[in-house]
Amino acid sequence: MNHIFEGLTSVIDGDGIKALKTPCYVIDEKRLQQNAEVLSSMMSHTGCKILLAQKAFSNYDFYPLLSRCLSGTEASGLYEARLGKEEMPEGEVHVFCAAYRDDEFGELLKYADHIVFNSIHQLAKFGSLAKQQGKSIGLRINPECSTQEGHEIYDPCAKGSRLGVTRDVWDKEMTPDLLDMLDGIHFHTLCEQNSDALEATLKAVEEKFGDILPSMKWINMGGGHHITKADYDVARLEKLLIYARDKWNVQVYLEPGEAVALNAGYLLTRILDIVENNGMKIAILDSSAACHMPDVIEMPYTPPLMNAASDDSKPYRYRLAGPTCLSGDVTGDYSFDSELKIGDMLIFGDMAIYTTCKNNTFNGMPLPDIFRLGKDGSFEKLTDFGYGDFKGRLGS
Ligand SMILES: *Cc1c(COP(=O)(O)O)cnc(C)c1O
């Protein structure tokens with residue numbers, strides 16, 4: 001069995017899993033804890049602080065578990081900041097938003113400890129108010145160092161990016177008063193990358209902003225570090241974190257989302273029908289890529305599937321598709337050891353991240369219920385959804 005599904009070994013033949021109504025997400029508490037322990041040991045080796053980027057994973061029933069290992073939460077705006085403050089109150093709350101709103105900023109100050117601005121204009125507009133209330137103030141820089149190819153949608157250093165202040169703009173707009181207000185520098189440029197990409201980025205940061213860093217209290221290196229993936233070079237990351245800490249005498253922060261909950265969840269689905277088109281067999285599932293695994297289409301990628309290959313290496317081939325009207329609602333083409341049957345349960349892996357917090361009800365599709373797979377092998381329903389969740393977003 002693929003290591004992604006290791007956490008299911010002891011429960012896969014039990015009655016508990018067979019009784020689950022599909023589609024549903026199952027969050028694997030043990031895997032989540034293992035990830036958090038990897039991150040926690042990096043914190044103790046390097047003195048860095050690691051925050052959960054909630055946009056990737058915000059199933060707050062697990063925040064007590066995560067808060068035992070991590071330093072707090074990172075938010076993309078008001079609601080995530082509030083969630084972090086409410087559900088992980090013992091941790092720090094950091095927020096970055098491309099542009100803050102006048103009518104929300106006051107409330108945001110109730111929740112956030114660190115506020116990171118995306119432009120010098122926003123720093124000038126909101127900085128002193130935040131400072132007066134004792135907040136730590138940061139500015140996001142853009143080191144203009146692209147380390148990923150073919151994924152422009154996930155590359156904050158792509159040409160025309162709105163994210164972060166380039167050195168060019170910094171030199172035009174920064175004033176001594178504003179610089180004086182800054183406590184830290186933030187950059188976020190990676191996506192699912194290894195520490196070689198951070199090394200290249202840190203070099204660019206040092207070249208472009210090396211003169212600023214010694215006067216900062218902290219540096220936040222964002223997310224996109226694939227730290228809990230098997231082939232990740234943790235030793236090199238730790239070297240880089242220690243280098244930055246000692247070179248500029250700063251507190252280093254990381255705010256991974258994906259790495260916290262990597263491979264810590266599954267999407268369980270059943271086959272509703274099997275159709276055929278020009279010799280290709282297509283299984284229609286009760287889960288939808290478009291609604292329940294949006295990154296499959298947006299990224300795009302083919303998610304891991306238990307007991308199946310995502311190529312032609314096994315004898316029985318099927319396309320797995322969703323029940324919606326979207327022609328492209330296809331999760332992927334897979335091959336199996338035996339024929340599939342209507343009613344069979346299939347299990348997608350790595351489904352804790354960018355799913356439960358990103359799904360939608362397109363086509364009136366129900367949202368999948370969410371279960372906890374406890375360390376003792378039990379399934380506990382955390383929340384469920386119905387017609388009201390669909391209708392309530394649409395009118396009075
Ligand atoms: C998306 C994002 C993260 C988390 O990214 P992952 O790829 O999930 O690790 C962290 N910080 C910022 C500013 C982000 O936009």
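First listed ligand is number 1; within each ligand, the first listed atom is number 1.
Between Y100 and F117, the gap from one ring centroid to the other is short of 6.0 Å. Between Y253 and H114, the ring centre distance stays below 6.0 Å.
Relative ring orientation between F57 and F62 is described as tilted, the plane-to-plane angle lying within the 30° to 60° band.
For the pairing with E255, the side chain to side chain contact (heavy atoms under 4.5 Å, CB included) check across V260, T73, N220 returns one residue only, N220.
Near ligand 1, A53, K55, A56, E74, R140, H186, H188, G223, G224, E255, P256, G257, E258, Y354 each place a heavy atom less than 4.0 angstrom from the ligand.
Heavy-atom minimum distance, L139 versus V116: C-CG1, 4.1 Å.
Annotation: ring pair (Phe, Tyr, Trp, His ring centres under 6.0 Å) contacts of F336 (sequence neighbours excluded): Y318.
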